[in-house]
Amino acid sequence: MACFKCFILAIADKYDTLYLNLIKLMYHIIVIIDCGQEKIMSAKAEQVSVTAIKTGITHQMTGNEAMARGAWEAGIKVASAYPGTPSTEIMENMSHYPAGDIKAQWATNEKVGLDVAIGGSFAGVRSLTMMKHVGLNVASDALMSQSYIGAHGGLVLIVCDDPGIHSSQNEQDSRIFGQFAQIPVLEPCDAQEALDFTKIAFDISERFDTPVMVRSTTRICHTRSPVLVSPRVVPKDLGFKSDVVKNVMVPGHARARHPFVIARLARLAEELETSDLNRIEMGPSDVGIITASMSYVYVKENLPDTSVLKLGLSFPLPKKLIEDFCAKHDRIIVVEELEPVIENQLKAWGLKVEGKEYFPRLGEFSPELVRASFEQAGLLETEENTVIPAFEPLIRPPVLCAGCPHAMSYTAIRSLDVWVAGDIGCYTLAVGDPLTAIDTTVAMGSSIGNAVGMYLAGLSDKPIVATLGDSTFLHSGIPPLIDAVYNDANITVILLDNHITAMTGGQENPSTGKTLRGDQTHKLDFEEMIRACGVEWIERVDSYDAGSMMQTMREAIAYRGVSVLIADRPCVLDPVKIKGPTMTVDSKDCNACQGCMNLGCPALIWSDEWYEGRHIVKIDPAACIGCSMCAQFCPTGAIQPTVNSKGEKITPCGGA
């Protein structure tokens with residue numbers, strides 16, 4: 001089926017308009033049939049994964065897949081999350097399990113995700129939420145109170161940190177949040193432990209009446225390894241237990257619960273002292289390594305025979321176990337990514353340990369980095385005659401996709417000379433060359449509030465614009481928009497509506513009209529929502545229409561008060577990859593002005609031809625999707641639609 005689709009697209013430009021339309025119709029019919037087949041195959045896969053997999057069978061899984069499997073095996077019934085790399089695939093994998101087993105949903109933000117899971121726990125069923133590390137900041141308000149309340153049905157948070165900042169705005173260490181909230185923190189080191197620890201977390205949650213954090217990292221989330229799976233075991237529903245002193249956090253009740261939290265932590269530390277989550281691998285007594293998470297794997301790769309205390313529970317720490325281990329070794333070194341959480345606690349106990357003297361507090365660890373640190377600590381000899389390949393790395397900065405509608409939006413913004421408060425999403429890439437159209441970016445939903453603050457501070461040399469995407473607006477952009485109207489700020493908000501949560505891989509959100517499982521649901525109307533916030537000036541513009549985009553932006557900026565422009569075009573990758581007849585450059589007409597290159601489109605490249613000392617531009621047909629944005633910036637008309645075998649220009653997907 002997939003090959004037939006490719007064949008149809010390949011021959012499309014060889015026929016006249018009538019045949020082309022018929023071929024396009026055939027293609028869309030095939031897509032519908034193919035989607036149906038995929039759903040059937042997916043359903044069959046669900047049956048295999050749920051009913052056919054038996055104890056003793058191993059499967060290759062990523063850490064995210066394993067955590068989803070572990071939650072299902074633990075008998076959870078409620079799961080809610082907002083997508084965020086590196087945690088996104090956990091919830092996506094939840095949708096592979098029967099809806100009758102798990103009520104799984106995308107939430108509008110991480111706090112809502114945790115609140116939904118808390119509600120499931122109140123109702124007496126095992127419940128799960130998951131988020132990336134910065135999402136825990138959003139959910140922390142509810143977490144701090146829930147720590148006092150505890151957990152009726154098991155309540156687990158999977159929090160995925162991003163050492164190395166692969167796709168985040170910082171690399172905060174979520175273990176510190178676990179200490180702050182005084183809840184246990186489990187740290188798996190591979191996919192098998194990711195599954196096992198997720199199951200154990202629910203047992204701990206119910207046994208000790210506490211929320212539990214399972215802390216993963218990017219490397220664990222996305223690394224694949226063998227996993228032994230088990231059947232699903234569903235505990236008895238506990239039902240709602242009415243206890244207002246425990247469940248209602250007014251000051252008087254909270255004061256009564258705080259001593260419980262402190263006592264619970266002490267009981268956790270005592271009873272988990274001998275837990276199998278922690279294990280000792282004894283070796284020579286000269287050096288002992290205390291480590292956790294992915295760092296354990298790197299330690300074993302470099303020092304396979306050295307004594308290791310591998311901690312699966314990094315908070316609360318097993319004090320007696322650690323003291324006994326330290327007493328048996330002449331020297332103790334702590335190996336942990338990011339902050340010295342374990343090391344600081346050991347030093348507070350008066351134990352003589354080393355760690356961050358040799359290992360960095362920033363960035364992601366690797367076998368090579370850990371080896372270099374062990375060499376610095378004198379545990380390994382420096383490798384001699386190490387051959388380092390001599391090569392110049394290819395500089396390949398991240399860019400917006402070919403045909404991305406955000407490119408036109410930011411090209412228009414840049415031409416207007418405004419201050420731009422940006423936000424979190426694919427469009428943040430507009431900070432780089434050649435667009436260079438963003439001045440600030442802080443966190444999800446910060447753009448509008450930042451713009452209001454700039455206005456209140458008297459920043460008046462240029463107009464102030466806030467830009468954010470559709471999913472980001474729903475995540476945390478609505479309250480600051482209400483604030484802007486309420487406080488009569490003179491700002492323009494550009495809502496970049498690409499009809500999907502694109503940055504994390506194309507997840508549904510309330511504006512798509514589909515749920516996590518693809519079911520139809522209420523589709524939020526942005527214009528109605530924005531008007532309900534009190535905004536009076538609202539316009540929607542096709543992001544591919546350069547003239548309308550620029551003119552409407554000028555009108556929005558000229559308006560006194562809060563104006564909102566909705567830049568409307570679907571993402572070119574999700575949920576369906578858009579690919580139409582490509583554009584081409586007639587080199588005879590190109591004057592190498594480089595105007596089209598200012599879009600930053602990766603399909604636009606320099607040819608070997610020159611004009612007045614500048615490269616003539618050409619278009620990579622494999623990358624071009626036919627959006628026609630570049631043609632709108634070509635002053636000589638050198639960029640034209642592809643011509644078919646009859647000499648007729650084929651209308652590109654972006655318009656003529």
Side-chain angles (χ1 to χ4, degrees), residues 86 131-137 139-140 143-144 147 157-165 168 170-189 193-194 197 201 204 210-221 261-262 265-266 268-269 272-273 275 277-279 288-299 308-323 325-326 332-365 369-370 373 377:
M131 60 201 71
K132 66 184 296 175
H133 59 305
V134 290
L136 185 55
N137 301 336
S140 62
L143 176 61
M144 293 302 170
S147 176
L157 300 80
I158 297 176
V159 182
C160 302
D161 286 6
D162 190 20
I165 318 181
S168 309
N170 67 42
E171 55 181 353
Q172 68 193 52
D173 192 326
S174 296
R175 295 178 298 171
I176 297 173
F177 248 124
Q179 292 179 330
F180 190 19
Q182 299 185 64
I183 62 172
V185 179
L186 278 60
E187 290 198 75
C189 73
E193 285 194 350
F197 284 19
I204 293 174
T210 180
V212 177
M213 180 193 301
V214 176
R215 186 244 189 183
S216 184
T217 65
T218 299
R219 196 60 47 201
I220 296 167
C221 290
V261 174
I262 296 172
L265 193 61
L268 272 161
L272 295 178
E273 183 77 42
S275 170
L277 290 167
N278 310 306
R279 69 173 182 266
I289 306 295
I290 299 177
T291 188
S293 188
M294 197 70 187
S295 299
Y296 165 78
V297 179
Y298 303 145
V299 168
V308 175
L309 169 52
K310 192 266 186 194
L311 297 170
L313 187 74
S314 61
F315 184 78
L317 289 172
K319 185 177 181 181
K320 186 178 185 303
L321 180 69
I322 292 173
E323 289 176 336
F325 182 78
C326 291
I332 297 292
I333 295 180
V334 179
V335 183
E336 55 186 323
E337 276 184 325
L338 299 181
E339 300 302 323
V341 174
I342 299 171
E343 180 182 345
N344 285 348
Q345 181 61 71
L346 270 54
K347 288 180 175 178
W349 288 339
L351 298 174
K352 185 179 179 181
V353 300
E354 305 163 76
K356 290 304 178 183
E357 301 97 314
Y358 313 115
F359 295 89
R361 283 181 58 187
L362 50 85
E364 183 181 31
F365 283 7
L369 184 149
V370 171
S373 297

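Numbers here are sequence positions counted from 1. Predicted model only: the values in this text are computed from it and were never measured.
Legend: residues meeting side-chain hydrogen bond (donor to acceptor under 3.5 Å, both in side chains) with Lys320, ordered by chain and number and at least two apart, are Asp324. Every residue meeting the side chain to side chain contact (heavy atoms under 4.5 Å, CB included) condition with Ala377, not counting sequence neighbours, appears here in chain and number order: Arg331, Ile333, Tyr358, Leu379. Qualifying side chain to side chain contact (heavy atoms under 4.5 Å, CB included) partners for Ala194, counting only residues two or more places apart in sequence or in other chains: Ala66, Met67, Pro188. Legend: residues meeting salt bridge (Lys or Arg N to Asp or Glu O under 4.0 Å) with Lys356, ordered by chain and number and at least two apart, are absent. With sequence neighbours left out, the side-chain hydrogen bond (donor to acceptor under 3.5 Å, both in side chains) criterion links Gln182 to no other residue. The side-chain hydrogen bond (donor to acceptor under 3.5 Å, both in side chains) search around Thr218 returns Asp162, not counting sequence neighbours. Checked against side chain to side chain contact (heavy atoms under 4.5 Å, CB included), Ser140 has the following partners two or more places apart in sequence or in another chain: Phe177. Evaluation of the side-chain hydrogen bond (donor to acceptor under 3.5 Å, both in side chains) rule for Thr291 yields no partner, not counting sequence neighbours. With sequence neighbours excluded, the residues satisfying side chain to side chain contact (heavy atoms under 4.5 Å, CB included) with Glu339 are Asp173, Ile176, Val341, Arg361. Under the salt bridge (Lys or Arg N to Asp or Glu O under 4.0 Å) criterion, Arg279 pairs with Glu193, Glu281, not counting sequence neighbours.
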Would Leu143 and Val159 count as a side-chain contact (heavy atoms from CB on, under 4.5 Å) here? Give the steps. CA-CA 12 Å; Leu143 176 61; Val159 182; over 6 Å; no
What do the steps show when you test Phe325 against Ile332 for side-chain contact (heavy atoms from CB on, under 4.5 Å), and what is the final call? CA-CA 9 Å; Phe325 182 78; Ile332 297 292; 3.9 Å; yes
Please walk me through it: do Leu136 and Met213 pass side-chain contact (heavy atoms from CB on, under 4.5 Å)? CA-CA 11 Å; Leu136 185 55; Met213 180 193 301; 3.8 Å; yes
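Rounded to the nearest 0.5 angstrom, Leu351 CG and Ile290 CD1 are separated by 7.5 Å. Between the OG atom of Ser293 and the CD1 atom of Ile220 there is a distance of 3.5 Å, given to the nearest 0.5 Å. Going from atom CG of Leu317 over to atom CD of Glu273 covers 9.5 Å, rounded to the nearest 0.5 Å. Between atom CZ of residue Arg215 and atom CG of residue Leu157 there is a gap of 14.5 Å, rounded to the nearest 0.5 Å. In this structure, Asn137 CG and Met131 CE are separated by 10.0 Å, a value rounded to the nearest 0.5 Å.
Here the side chains of Pro318 and Leu277 are not in contact, with every heavy-atom distance at 4.5 Å or above. Leu186 is listed as a side-chain neighbour of Ile204, based on a closest heavy-atom distance under 4.5 Å. At least one side-chain heavy atom of Phe365 sits under 4.5 Å from a side-chain heavy atom of Val335. A heavy-atom distance below 4.5 Å is found between the side chains of Ser168 and Ile165. Contact check for Gln345 versus Ile322: no side-chain heavy atoms found under the 4.5 Å cut-off. Inter-residue side-chain proximity for Glu343 and Phe359 is flagged as unmet; no heavy-atom pair is nearer than 4.5 Å. Under the 4.5 Å side-chain criterion, counting only non-hydrogen atoms from C-beta, Leu311 is not in contact with Glu187.
A donor-acceptor pair is defined here as one N or O able to donate and one able to accept, closer than 3.5 Å; such a pair exists between the side chain of Glu357 and the backbone of Gly355. For Gln172 (side chain) and His133 (main-chain N/O), a donor-acceptor pair under 3.5 Å exists by modelled atom type. Remark: side-chain polar atoms of Glu336 are not paired, donor with acceptor, to backbone N or O of Ser295 under 3.5 angstrom. A donor-acceptor pair under 3.5 Å links the side-chain atoms of Ser147 to the main chain of Ala181, judged by distance alone. Judged by distance alone, with hydrogens and angles left aside, the side-chain atoms of Asn278 form no donor-acceptor pair with the main-chain N or O of Leu309 at under 3.5 Å.
The minimum heavy-atom distance linking Leu268 with Pro184 is given by the pair CD1-CD, 3.9 Å. Residues Tyr296 and Cys189 come closest through the heavy atom pair CD2-SG, 3.9 Å. Here the closest heavy-atom approach between residue Pro163 and residue Glu337 is recorded as CG-OE1, 3.6 Å. Of all the heavy atoms in Pro86 and Asp161, the pair that sits closest is CG-O, 3.8 Å.
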